[in-house]
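One structure is given below, encoded as structure tokens.
Proteins come first, then strands; the chains are lettered A, B, ... in the order of their sequence lines, and each starts at number 1.
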Number of protein chains: 4
Amino acid sequence: MPRRQAENERIRDEQRQNILRAAEKVFARKGLAAAKMTEIAAAAGVSYGLAYHYFESKEELFAALVEHEIRGTMRGIQEALEERHGTPWERLTRMVAWMLQGMQEQPEAVLVTLHALTSEATPPEIRQRFYELAHLNNEVITQLIIEGQKAGEVVQGDPEQLAAFLGSSIQGIAISMTYGGVLSLKIPDAALVLRGLKA
Amino acid sequence: MPRRQAENERIRDEQRQNILRAAEKVFARKGLAAAKMTEIAAAAGVSYGLAYHYFESKEELFAALVEHEIRGTMRGIQEALEERHGTPWERLTRMVAWMLQGMQEQPEAVLVTLHALTSEATPPEIRQRFYELAHLNNEVITQLIIEGQKAGEVVQGDPEQLAAFLGSSIQGIAISMTYGGVLSLKIPDAALVLRGLKA
Amino acid sequence: MPRRQAENERIRDEQRQNILRAAEKVFARKGLAAAKMTEIAAAAGVSYGLAYHYFESKEELFAALVEHEIRGTMRGIQEALEERHGTPWERLTRMVAWMLQGMQEQPEAVLVTLHALTSEATPPEIRQRFYELAHLNNEVITQLIIEGQKAGEVVQGDPEQLAAFLGSSIQGIAISMTYGGVLSLKIPDAALVLRGLKA
Amino acid sequence: MPRRQAENERIRDEQRQNILRAAEKVFARKGLAAAKMTEIAAAAGVSYGLAYHYFESKEELFAALVEHEIRGTMRGIQEALEERHGTPWERLTRMVAWMLQGMQEQPEAVLVTLHALTSEATPPEIRQRFYELAHLNNEVITQLIIEGQKAGEVVQGDPEQLAAFLGSSIQGIAISMTYGGVLSLKIPDAALVLRGLKA
DNA sequence: TATGAATGAGAGTTCATTCAT
DNA sequence: CATGAATGAACTCTCATTCAT
């Protein structure tokens with residue numbers, strides 16, 4: 001009996017992950033409204049009925065996915081922040097490099113969050129979480145910029161605006177890279193991205 | 001007596017514009033899949049039947065809208081390019097300023113094209129047109145960068161990559177500004193945006 | 001004024017005929033349900049709005065058409081019946097020949113009445129009229145058959161059944177001929193059609 | 001545990017048949033254009049959604065039905081042809097008797113094919129199949145007539161034309177019988193139908 | 001846990017019909 | 001008399017979701 005239970009739990013976890021991964025692919029390509037549950041289930045190699053064992057609804061699945069990705073990103077930002085060695089500029093560079101690397105490794109996460117952000121059809125709770133992430137992101141960068149300005153490494157100016165500008169640029173790069181078929185944008189290095197902020 | 005032909009043509013033109021404007025609002029907020037024809041018609045103050053009098057289908061309406069916006073943007077780029085006075089850097093600055101101004105004045109056009117770009121549900125012809133625009137845009141900027149490099153005003157490096165980087169940044173800014181509720185990004189001036197490319 | 005009035009009346013009559021002729025073509029090819037008013041109007045070379053000046057509705061137009069054709073056929077049957085010279089067999093032959101000729105000259109009338117008969121979507125009044133025609137037709141033939149049997153020219157048997165059989169055959173021939181592309185049925189002569197009834 | 005595959009297959013087969021039978025009734029009475037999917041689904045005792053689970057569209061359902069009926073008829077003709085005992089006249093009589101019986105037992109099949117034939121709204125592929133059936137039918141009868149003529153049992157004349165004439169008559173009878181409310185045509189026996197071809 | 005048959009709300013679309021001009 | 005812009009009832013079809021097995 002306990003063997004059976006443990007087995008079941010393992011299966012549950014695996015299937016959940018399986019479905020989430022499939023959902024990520026489909027939502028990334030289509031967005032919430034245009035994605036179909038049958039397509040997600042097919043991509044996961046399960047019946048569409050099964051998706052409803054694990055997730056209440058399409059929206060809930062989307063929410064779970066976005067939440068998962070937001071947590072991952074937030075965790076990453078925190079970790080990057082904890083590596084405190086080096087000058088502020090070096091830390092800023094590490095942070096940007098980490099972001100550029102993340103978007104290259106998980107372009108689908110970028111797309112899903114973009115869809116979540118850009119469609120009013122996105123449920124409010126999801127957008128709310130996204131806003132929180134954006135704020136955290138901005139705060140962290142702002143903090144680094146302030147420190148960099150004190151150290152004379154970063155150009156003068158409203159740190160929040162500079163942070164927002166930097167964040168926007170990175171987001172834009174993420175989009176261009178993900179739709180890289182269009183322009184053959186090679187991933188720029190952190191130095192280029194940060195060049196505009198150098199004192 | 002039938003209505004005068006000129007009168008009819010005027011009505012047709014006006015309603016078409018009317019519906020296109022309404023469609024822009026709705027598609028900008030929701031994207032193609034999540035937008036409803038009834039909503040668009042209601043926003044235009046007409047019956048949904050009339051929308052079909054002027055456009056074959058929702059997709060065709062979307063395509064007409066994207067086409068319209070792409071043409072507008074392309075025309076703008078060409079015009080900006082024709083003002084040839086000043087150094088390359090000055091011209092680059094004018095171009096970027098014009099883009100920043102455009103996205104501020106017509107944020108919905110930005111959103112519509114973004115939706116068109118990011119959803120695979122977008123009909124291929126439409127995406128194709130978007131790619132063409134992106135290429136034109138990139139070529140023009142590339143050209144200015146090359147001239148700037150010759151004049152020693154722009155940092156050295158692959159001009160196409162620099163252009164793509166600049167374009168991406170601007171696109172990212174456009175998105176952030178349009179979803180300005182999130183971060184209070186004030187529109188950065190062209191000088192800041194271009195700072196990273198200064199020799 | 002009177003000149004103007006007469007002129008108007010002439011136009012009215014001509015347009016009515018014009019629209020009826022166009023409707024015949026379209027209804028013949030499509031049937032009531034699948035025919036579109038815009039198509040009929042286009043075939044008549046008028047605006048679709050004009051069709052509603054002359055006919056209350058699509059159904060009414062269809063009814064008027066069927067009525068027109070039924071009247072024509074009935075008149076024809078009566079006239080054929082009034083030519084009383086010759087033996088019953090000769091008169092039967094003349095009647096059948098007249099029918100065969102009619103279906104050859106106005107295949108569309110055959111199709112319209114067939115559509116009227118075969119779709120339950122046909123308004124009841126129209127079907128009623130059609131039944132009346134069928135009965136008249138049957139009565140007339142029955143009468144001729146009775147006379148023919150008395151004269152020893154027609155095979156023995158229930159005259160109504162024989163008449164129905166003859167009528168059915170002719171109807172079948174009409175259909176085959178009209179869809180003549182399929183089988184290249186040449187119009188059979190009255191002698192062949194009647195051969196089965198010969199004493 | 002998922003439902004056993006065999007069970008599912010059985011359900012699928014039964015429902016498909018169920019819906020086809022219901023569709024036959026409705027299409028027979030109304031034709032393709034006037035028939036509504038909700039009506040067909042209701043007649044089958046299922047939701048309209050389910051009809052789309054089994055058939056892509058109304059047209060596809062109609063096509064499947066016509067195809068089914070055409071196959072049945074063709075098979076019947078082939079089988080009737082294989083009973084080779086008796087003189088040509090006897091075999092012709094058997095064939096006609098079989099046709100008369102068929103139309104009496106399955107009047108709806110007659111109506112469906114008639115609708116398929118008479119409306120230009122019918123998809124071309126479907127009409128094509130119908131033409132093939134008509135040709136097969138005609139060939140078979142033609143062959144029997146040729147043999148009958150050789151045996152001196154059938155009247156002289158172009159066998160194809162005689163066959164077409166016979167086929168048309170039978171089709172006409174089918175229509176009259178199916179719309180039997182109009183004329184009370186009792187089903188004629190094969191002898192009467194063939195009397196016109198007797199040598 | 002897993003499947004897919006079954007349902008029906010809701011969206012897109014068509015087209016008869018009205019009516020201002 | 002004539003036109004075609006405008007309306008909305010009615011249909012077709014999609015797809016999220018439920019549930020028997």
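- Ranked by how close their nearest DNA chain F nucleotide is to the 5' end, Lys58(D) and Glu59(A) are led by Lys58(D).
- For residues 110-122 of chain A, the side chain to side chain donor-acceptor pair (under 3.5 Å) pairs, not counting sequence neighbours, are Glu120(A)-Arg29(B).
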Which donor-acceptor pairs under 3.5 Å do the side chains of residues 59-70 of chain D make with protein atoms, sequence neighbours left out?
| from | atom 1 | to | atom 2 | distance (Å) |
| --- | --- | --- | --- | --- |
| Glu60(D) | OE1 | Glu56(D) | N | 2.9 |
| Glu67(D) | OE1 | Arg129(D) | NE | 2.7 |
| Glu67(D) | OE2 | Arg71(D) | NE | 3.3 |
| Glu67(D) | OE2 | Arg71(D) | NH2 | 3.3 |
| Glu67(D) | OE2 | Arg129(D) | NE | 3.1 |
| Glu67(D) | OE2 | Arg129(D) | NH2 | 2.7 |

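- Not counting sequence neighbours, the partners of Gln15(A) by the side-chain hydrogen bond (donor to acceptor under 3.5 Å, both in side chains) test are Asn18(A).
- Between the CG atom of Asn8(D) and the C1' atom of dG4(E) there is a distance of 6 Å, given to the nearest Å.
- Following rounding to the nearest Å, Phe55(B) (CZ) and dG12(E) (C1') show an atom-to-atom distance of 16 Å.
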Which dot-bracket string fits DNA chain E when only Watson-Crick or G-U wobble pairs with both atom distances under 3.5 Å count, crossing pairs get [ ], and | stands for a partner on a different strand?
.||||||||||||||||||||

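- Side-chain contact between Glu125(B) and Phe130(B) is absent, with no heavy-atom pair separated by less than 4.5 Å.
- Residue-to-nucleotide contacts include no donor-acceptor pair under 3.5 Å from the side chain of Tyr48(B) to the base of dA6(F).
- Of all the residues in residues 35-47 of chain B, Val46(B), Ser47(B) reach under 4.0 Å from DNA chain F with at least one non-hydrogen atom.
- Residue contacts shown for Tyr54(B) are limited to sugar-phosphate atoms, with no base heavy atom under 4.0 Å away.
- Across every non-hydrogen atom of Ile19(C) and Ala51(C), the tightest pair is CD1-CA, 4.1 Å.
- The nearest whole Å value for the distance from the CD atom in Glu7(D) to the C1' atom in dA6(E) is 14 Å.
- Side-chain nitrogen and oxygen atoms of His53(B) include at least one within less than 4.0 Å of the OP1 or OP2 phosphate oxygen of dA5(F).
- Remark: Thr178(A) OG1 to Leu117(B) CG distance equals 9.5 Å, nearest 0.5 Å.
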Under 3.5 Å, sequence neighbours excluded: what are the donor-acceptor pairs made by side chains of residues 37-47 of chain C?
| from | atom 1 | to | atom 2 | distance (Å) |
| --- | --- | --- | --- | --- |
| Glu39(C) | OE1 | Lys30(C) | NZ | 3.1 |
| Glu39(C) | OE2 | Lys30(C) | NZ | 3.2 |
| Ser47(C) | OG | Leu50(C) | N | 3.3 |

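- Taking atom CG on Leu61(D) and atom P on dC11(F), their separation rounds to 17 Å, with Å as the unit.
- Counting to the nearest Å, the C1' atom of dC15(F) and the CG atom of Leu32(A) are 13 Å from each other.
- Comparing dA5(F), dT1(E), dA5(E) by their nearest atom to the side chain of Leu50(D) picks out dA5(E).
- Residues Gly49(C) and Glu56(D) both approach DNA chain F. Their nearest nucleotides, taken by heavy-atom distance, put Gly49(C) toward the 5′ side.
- Remark: Arg12(A) engages Tyr54(A) in a side-chain contact (heavy atoms from CB on, under 4.5 Å) (not counting sequence neighbours).
- Relative to the side chain of Tyr52(D), the nucleotides dT14(F), dC1(F), dA6(F) differ in distance, and dT14(F) lies closest.
- Considering all non-hydrogen atoms of both residues, Val26(B) and Ala35(B) come closest at CG1-CB, 3.7 Å.
- Take Glu14(A) and apply the salt bridge (charged side-chain N to carboxylate O under 4.0 Å, His left out) test, not counting sequence neighbours, and it matches Arg10(A).
- Residues Phe55(A) and Leu20(A) are in side-chain contact: their nearest non-hydrogen atoms beyond the backbone lie under 4.5 Å apart.
- Between Gln15(D) and Ala34(C), the residue whose closest nucleotide on DNA chain E is further toward the 5' end is Gln15(D).
- For DNA chain E, no neighbouring residue in residues 16-23 of chain A is found when judged by any heavy atom under 4.0 Å.
- What separates CD of Glu9(B) from P of dT3(F) is a distance of 17 Å, to the nearest Å.
- In this structure, Arg10(D) places its CZ atom 16 Å from P of dG4(E), rounding to the nearest Å.
- Taking side-chain N and O atoms only, Arg12(D) has no distance below 4.0 Å to OP1 or OP2 of dG4(E).
- Atoms CD1 and CZ, from Ile11(B) and Arg16(B) in turn, are 15.5 Å apart once rounded to the nearest 0.5 Å.
- One atom, CD of Glu60(B), and another, C1' of dG12(E), lie 14 Å apart when rounded to the nearest Å.
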